[in-house]
A.B. asks: 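Structure below; questions to follow.
Indexing begins at 1, ligand by ligand and atom by atom, following the structure's order.
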Amino acid sequence: MLDVQSLSKAYGRKQILKNLSFSVKPGEVIGLVGENGAGKSTLLHILATLSNPTSGTVMLNNHSYQTSIKKIRKRIGFVSQDIALWEEFTVKENMIFFEKLSWNDKTNEELRQLCSDMKLNKWNDTVKNLSGGMKRKLNIAVSLIHDPDLLLLDEPTAGIDLKSRKEIGSYLSSLAKAQDKMIIYTSHDMDEIMQVCDRIYCIGDDPFYHEVLESYGKNPELL
Ligand SMILES: Nc1ncnc2c1ncn2[C@@H]1O[C@H](COP(=O)(O)OP(=O)(O)OP(=O)(O)O)[C@@H](O)[C@H]1O
Ligand SMILES: [Mg+2]
């Protein structure tokens, strides 16, 4: 379980996140929405241990972010808004490279299976020749190599076609359910968020978002 209590983040005088408290249970997919600049990526970076909150506490499976950071990092998978892959390497070489860096031993067959679970069947293609959607899928596959409990994805479906978006969405929901993973992901596509997520958190107080979400018949939980 992920438990966030009274989390705030300021950059200088600029207060971005104000006193957020929420929790996520194993098996849940959480959609994080809000206008550009609301603080979605900021929150994901804090949850990924890449930046510190100004105040507040975060616990993952009863381990505190303040005292058990090494343990926690092994339990987290993070895919940033920008793609982070070796462009000159093939899909296979990327998977093997990141497997060596991870804390897990996986066979090539298992790595290949992770890619085909994502409907990415381009094992021997060079990454620079893949489409944007395929690179996203590969980035997600890489983030799963060490079997994290908490998967954080910043706009994994931005700028990719409907078919790949659906494939990624249904993969994420089945992954959460089948392996009891906690998934938090951001997207600006409300239809997709409604389909994939068990719960929705809305950051910021822009009434526009609240109205849109209510028009979908879903009350967002406000952060
Ligand atoms: N390192 C930083 N220093 C100062 N301000 C920052 C820094 N990183 C982010 N910000 C500011 O924090 C605010 C939140 O940014 P963030 O990237 O978290 O928003 P977002 O909700 O992810 O937006 P988007 O939908 O555009 O991705 C923005 O006003 C941004 O300018
Ligand atoms: Mg962002």
Side-chain angles (χ1 to χ4, degrees), residues 2-24 28-58 60 65-66 69 72-73 76-85 132-133 135-140 142-143 148 150-162 164-165 168-169 172 182-216 218-223:
L2 177 75
D3 191 38
V4 175
Q5 289 299 327
S6 312
L7 184 118
S8 297
K9 176 76 178 178
Y11 288 115
R13 283 208 201 137
K14 199 165 158 194
Q15 188 76 33
I16 310 295
L17 304 174
K18 296 176 201 120
N19 210 22
L20 313 190
S21 296
F22 63 93
S23 59
V24 182
E28 278 191 319
V29 184
I30 304 295
L32 197 57
V33 302
E35 62 189 311
N36 290 133
K40 303 178 297 296
S41 298
T42 301
L43 176 59
L44 289 185
H45 276 89
I46 293 171
L47 298 179
T49 76
L50 300 174
S51 111
N52 288 319
T54 314
S55 61
T57 59
V58 188
L60 178 63
Y65 271 50
Q66 273 156 326
I69 195 145
I72 280 170
R73 285 201 171 132
I76 293 175
F78 174 61
V79 182
S80 85
Q81 214 165 333
D82 314 305
I83 294 199
L85 296 166
K135 288 183 191 177
R136 290 256 170 226
K137 287 177 173 179
L138 178 55
N139 229 173
I140 298 174
V142 163
S143 76
L150 173 64
L151 184 59
L152 304 164
L153 307 163
D154 204 352
E155 301 196 23
T157 56
I160 67 175
D161 72 39
L162 186 61
S164 295
R165 249 180 10 232
I168 290 176
L172 294 179
M182 296 168 264
I183 300 179
I184 305 180
Y185 93 106
T186 68
S187 171
H188 289 289
D189 181 335
M190 286 299 171
D191 289 320
E192 171 195 305
I193 286 270
M194 297 308 292
Q195 259 178 7
V196 175
C197 298
D198 301 301
R199 289 191 291 130
I200 299 167
Y201 286 135
C202 182
I203 297 196
D205 38 24
D206 188 339
F208 172 77
Y209 273 86
H210 306 175
E211 282 162 26
V212 169
L213 285 161
E214 277 159 19
S215 76
Y216 276 91
K218 194 130 181 165
N219 283 330
E221 295 171 57
L222 307 180
L223 293 181

A.B. asks: List the steps and the verdict of side-chain contact (heavy atoms from CB on, under 4.5 Å) for Met182 and Leu60.
C.D. replies: CA-CA 10 Å; Met182 296 168 264; Leu60 178 63; 3.8 Å; yes
A.B. asks: Please list, chain by chain and in numerical order, all residues satisfying side chain to side chain donor-acceptor pair (under 3.5 Å) with Glu192, sequence neighbours excluded.
C.D. replies: Thr157, Tyr185, Ser187
A.B. asks: Does Ser8 reach the main-chain N or O of Asn19 with its side chain, forming a donor-acceptor pair under 3.5 Å?
C.D. replies: yes
A.B. asks: Could you give all pairs that pass the salt bridge (Lys or Arg N to Asp or Glu O under 4.0 Å) test and reach residues 28-55, with sequence neighbours left out?
C.D. replies: Glu28-Arg199
A.B. asks: Please enumerate all residues that pass ring pair (Phe, Tyr, Trp, His ring centres under 6.0 Å) together with Phe78, with sequence neighbours excluded.
C.D. replies: His45
A.B. asks: At a threshold of 2.8 Å, where the distance has to be below it, does the Mg ion (ligand 2) have an N, O or S atom of Thr186 nearby?
C.D. replies: no
A.B. asks: Do Val24 and Phe22 make a side-chain contact, defined as non-hydrogen atoms from C-beta onward lying under 4.5 Å apart?
C.D. replies: yes
A.B. asks: If you count only heavy atoms, which residues are under 4.0 Å from ligand 1?
C.D. replies: Tyr11, Lys14, Ile16, Glu35, Asn36, Gly37, Ala38, Gly39, Lys40, Ser41, Thr42, Gln81, Glu155, His188
A.B. asks: Crowded around Gln15 CD? As in, over 12 foreign heavy atoms under 6.0 Å?
C.D. replies: yes
A.B. asks: If the cut-off is 2.8 Å, does any N/O/S atom of Gln81 fall short of it from the Mg ion (ligand 2)?
C.D. replies: yes
